[in-house]
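Side chains included, hydrogens not; waters and symmetry mates left out as well; all remaining heavy atoms used.
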Amino acid sequence: MNKVLIKVVLCCLFFCCSAQATFSQQRIAYIDTDVIIKAMPEYRITQSSLETFQKQLLKQLDAEKKAIAQYYTSVIEQVKRGEMTAQQQQEAEVKLQKMQSDLEQKTTEADQQLVAKEQVLSKPMYDKFEKGIETIAQKNSYAYILDKKLLMYATGGIDATDQLKKELGI
């Protein structure tokens, strides 16, 4: 029984020592993602394109808002002058509610279009970013590359931000 216990203890000791040797060989680096992304030329192009697209969408929505406001003003004026019957007022109210509902739907669709456009425009930039991370990880034998914002505490460590910038040509 003692021999079995000794063998188990020796196996556990061997496992612990080999696991610690493996973990101590792994290299961990970190990068500042915000600094790198914002320094990429693709980021500025993407932001510019998104701003232009957003302005177009807002212009369309503003035109809709003005049309609603003009219709509302004309209805109010007609009511004040006594040119609308009660039935016509109800129809105008229903039409205004429909116009408002349509505007809300178009606003939601515009938000969705903006998000979709951002994803399409950003994908090549993020693909390039991820490829750069993989390249420096392989070149420098990093087992892990973490984002600096996600680290709760770190002393020392390898800051690979500059290496990634160099790899991306920034």
Item to check | Co-membership, hydrophobic cluster, residues Ile31 and Leu146, 4.5 Å side-chain | outcome: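 No, it is not one cluster - the side chains of Ile31 and Leu146 are not joined through contacts under 4.5 Å.
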What's the spacing between [X] [atom1] and [Y] [atom2] if we round to 0.5 Å?
X	Y	atom1	atom2	answer
Ile28	Ile145	CD1	CD1	11.0 Å
Leu114	Gln119	CG	CD	10.5 Å
Ile36	Leu168	CD1	CG	7.0 Å
Lys166	Gln163	NZ	CD	9.0 Å
Ile170	Leu164	CD1	CG	7.0 Å
Leu57	Asp111	CG	CG	8.5 Å

Checklist entry - Of all residues at least two apart in sequence or in a different chain, which pass the side chain to side chain donor-acceptor pair (under 3.5 Å) check with Glu83? => result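 Side chain to side chain donor-acceptor pair (under 3.5 Å) list for Glu83, sorted by chain: Arg81.
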Donor-acceptor list for residues 39-50 side chains, cut-off 3.5 Å, not counting sequence neighbours:
from  : atom 1 : to     : atom 2 : distance (Å)
Glu42 : OE2    : Lys128 : NZ     : 2.9
Thr46 : OG1    : Glu42  : O      : 2.8
Ser49 : OG     : Ile45  : O      : 3.1

Checklist entry - Linking Ile, Leu, Val, Met, Phe, Trp and Tyr through side-chain heavy atoms less than 4.5 Å apart, which residues share a cluster with Met84? => result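 Taking Ile, Leu, Val, Met, Phe, Trp and Tyr as members, Met84 shares its hydrophobic cluster with Leu61, Ile68, Tyr71, Tyr72, Val75, Ile76, Val79, Leu96, Met99, Leu103.
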Is there a donor-acceptor pair closer than 3.5 Å between any side-chain N or O of [X] and the backbone N or O of [Y]?
X	Y	answer
Asn140	Tyr142	no
Gln90	Gln87	no
Arg27	Tyr144	no

Checklist entry - Can you list the steps and then say if Thr33 with Phe129 is a side-chain contact (heavy atoms from CB on, under 4.5 Å)? => result CA-CA 9 Å; Thr33 302; Phe129 176 76; 3.7 Å; yes
Next on the checklist: Does either side chain, that of Glu109 or that of Gln113, offer a donor lying less than 3.5 Å from an acceptor on the other one?
Outcome noted: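 Short answer, no.
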Checklist entry - Under a 4.5 Å cut-off applied to non-hydrogen side-chain atoms, are Ile158 and Tyr30 in contact? => result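 Not touching, per the 4.5 Å side-chain cut-off.
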Checklist entry - Is there a side-chain contact between Ile37 and Tyr126, using heavy atoms and a 4.5 Å cut-off? => result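 Answer yes - side chains close enough.
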Checklist entry - Of all residues at least two apart in sequence or in a different chain, which pass the salt bridge (Lys or Arg N to Asp or Glu O under 4.0 Å) check with Asp162? => result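 Expected list: none.
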Next on the checklist: Between Asp127 and Lys123, does any side-chain N to carboxylate O distance fall below 4.0 Å?
Outcome noted: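 Lys123 and Asp127: salt-bridged.
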Next on the checklist: So which atom in Val120 and which in Pro124 form the shortest heavy-atom distance, rounded to 0.1 Å?
Outcome noted: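 The answer is O-CD, 3.4 Å.
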Next on the checklist: According to salt bridge (Lys or Arg N to Asp or Glu O under 4.0 Å), does anything in residues 133-152 pair up with another residue at least two apart or in another chain? List the pairs.
Outcome noted: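 Residue pairs passing salt bridge (Lys or Arg N to Asp or Glu O under 4.0 Å), neighbours aside: Asp34-Lys149, Lys139-Glu167, Asp147-Lys149.
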Checklist entry - Which pairs with one or both residues in residues 53-73 pass salt bridge (Lys or Arg N to Asp or Glu O under 4.0 Å), sequence neighbours excluded? => result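 Passing the test, one end in residues 53-73: Glu64-Lys106.
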